[in-house]
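Okay, structure first, notes after.
Note that this is a predicted model, so its numbers are computed, not measured.
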Amino acid sequence: MPGIDETRDFIPLNIAVMTVSDTRKPETDKSGDVLAERIEAAGHSLADRTIVSDEVTRIRAQLLRWIADKEIDVVISTGGTGLTGRDVTPEAFFSVYDKEIEGFAALFHRISFDKIGTSTIQSRATAGVAHGTYLFALPGSPGACKDGWDEILKYQLDYRYRPCNFVEIMPRLQEHVGRG
């Protein structure tokens, strides 16, 4: 049975939150608030938080800054994963991935389908790894952020979660570095 193994110690991670929006401000960023509150309630550290406009170059630049920061383990974004012309978060994320975590989108859609039905098809939630940093792009609604954290990330970012989790493989994410 999957679950938390209380015999293992919790390992707090440093997690950065990026809200992708042309209109949100810190005082109106409900989705960013949802993520920040849940990250800290789980025992992790909110390493940084920012709002970035819906532009591939700006999103990518922020991702690259955080990926280069060895103190940041995980980046979670909210917003810009839809189908409109301004929704470019996945394109920015794909441009920096070493590897995509395809199962994240599949699982997110399964969870989302139970709550919003076929409307989940309009989300392009994605996840991957870049230079040893986990990257997760969630839709911009507070509900989607709750679903992504409460149903997936809360567990996969907890070293105690069994049978396996993202934390325990972090030391091995860059095994290919230096090989030809």
Side-chain angles (χ1 to χ4, degrees), residues 2-6 8-21 24-53 58-81 89-90 92-93 96-97 100-101 103-105 107-112 115 123-162 164-171 173:
I4 299 294
D5 180 350
E6 298 293 345
R8 299 180 93 181
D9 291 331
F10 178 78
I11 298 174
L13 301 176
N14 295 316
I15 303 174
V17 172
M18 178 194 319
T19 297
V20 177
S21 175
R24 293 191 189 164
K25 297 177 176 15
E27 57 274 4
T28 61
D29 183 15
K30 292 180 180 164
S31 295
D33 290 343
V34 163
L35 290 170
E37 290 164 7
R38 280 167 162 69
I39 286 164
E40 291 178 331
H44 299 294
S45 172
L46 182 62
D48 200 2
R49 182 174 170 186
T50 192
I51 298 175
V52 177
S53 63
R58 290 187 180 194
I59 298 165
R60 186 177 197 283
Q62 184 60 61
L63 288 172
L64 290 172
R65 279 192 290 278
W66 281 337
I67 291 164
D69 184 342
K70 295 302 172 199
E71 295 301 311
I72 295 183
D73 303 306
V74 178
V75 174
I76 305 173
S77 75
T78 174
T81 62
T89 302
F93 273 60
V96 301
Y97 285 164
E100 182 182 6
I101 305 170
F104 178 81
L107 183 54
F108 180 82
H109 284 295
R110 189 197 121 329
I111 291 163
S112 183
K115 299 189 178 178
S123 167
R124 296 184 302 141
T126 184
V129 179
H131 301 285
T133 303
Y134 286 114
L135 308 172
F136 302 95
L138 295 169
S141 74
C145 290
K146 289 174 186 175
D147 292 345
W149 180 268
D150 295 347
E151 305 290 332
I152 305 170
L153 297 176
K154 175 173 76 171
Y155 299 109
Q156 282 299 300
L157 298 177
D158 190 330
Y159 178 70
R160 302 169 300 168
Y161 186 77
R162 301 316 249 149
C164 58
N165 59 75
F166 289 142
V167 182
E168 62 193 355
I169 61 172
M170 286 175 73
L173 292 177

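Across A36 and L46, no two heavy atoms sit closer than the pair CB-CD2, 3.7 Å. Closest non-hydrogen pair, I15 versus I39, comes out as CG2-CD1, 3.5 Å. Among all heavy-atom pairs drawn from N165 and Q156, the shortest one is CA-OE1, 3.3 Å. Considering every non-hydrogen atom in both S77 and A137, the closest pair reads OG-CA, 3.3 Å. Listed here is the closest heavy atom pair of N14 and S45: OD1-CB, 3.4 Å. Heavy atoms only, all atoms of each residue included: V96 and L135 are closest at CG2-CD1, 3.7 Å.
At distances below 3.5 Å, not a single donor-acceptor pair connects side-chain atoms of T81 with backbone N or O atoms of S123. Of the possible polar contacts, none joining the T133 side chain to the V74 backbone as a donor-acceptor pair under 3.5 Å is found. Counting only distance, with no hydrogens or angles, the side chain of R38 and the backbone of D150 share no donor-acceptor pair below 3.5 Å.
Heavy-atom neighbours of E27 CD from other residues, nucleotides or ligands within 6.0 Å: above the threshold of 12.
Distance CD/E71 to CH2/W66: 15.0 Å, rounded to 0.5 Å. One finds the CG atom of L63 at 11.5 Å from the NE2 atom of H131 (value rounded to the nearest 0.5 Å). One distance of note links CZ of R58 with OG1 of T50; it measures 11.0 Å at 0.5 Å rounding. Summarising the geometry, atom NZ belonging to K154 is positioned 10.5 Å from atom OH belonging to Y161; distances are rounded to the nearest 0.5 Å. To the nearest 0.5 Å, atom CZ of residue R60 and atom CG of residue L64 are 5.0 Å apart. One finds the CD atom of Q62 at 10.0 Å from the CD1 atom of I67 (value rounded to the nearest 0.5 Å).
Ring-plane geometry between F166 and Y134 is classed as tilted, the angle between the planes lying from 30 to 60 degrees on a 0 to 90 degree scale. Using the six-membered ring where Trp is involved, F93 and Y97 have ring planes that are perpendicular, over 60° apart on the 30 and 60° scheme.
Between K146 and K115 there is no side-chain heavy-atom pair separated by less than 4.5 Å. When side chains are defined from C-beta on, W149 counts as touching L157, because their heavy atoms get closer than 4.5 Å. Counting only heavy atoms from C-beta outward, the side chains of C145 and S31 approach each other to under 4.5 Å.
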Audit row: T126, F104, side-chain contact (heavy atoms from CB on, under 4.5 Å) steps and yes/no
CA-CA 7 Å; T126 184; F104 178 81; 5.9 Å; no
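A salt bridge links D33 with R49: at least one charged nitrogen is closer than 4.0 Å to a carboxylate oxygen. The existence of a salt bridge linking E37 and K30 is excluded, since no basic side-chain nitrogen approaches an acidic carboxylate oxygen closer than 4.0 Å.
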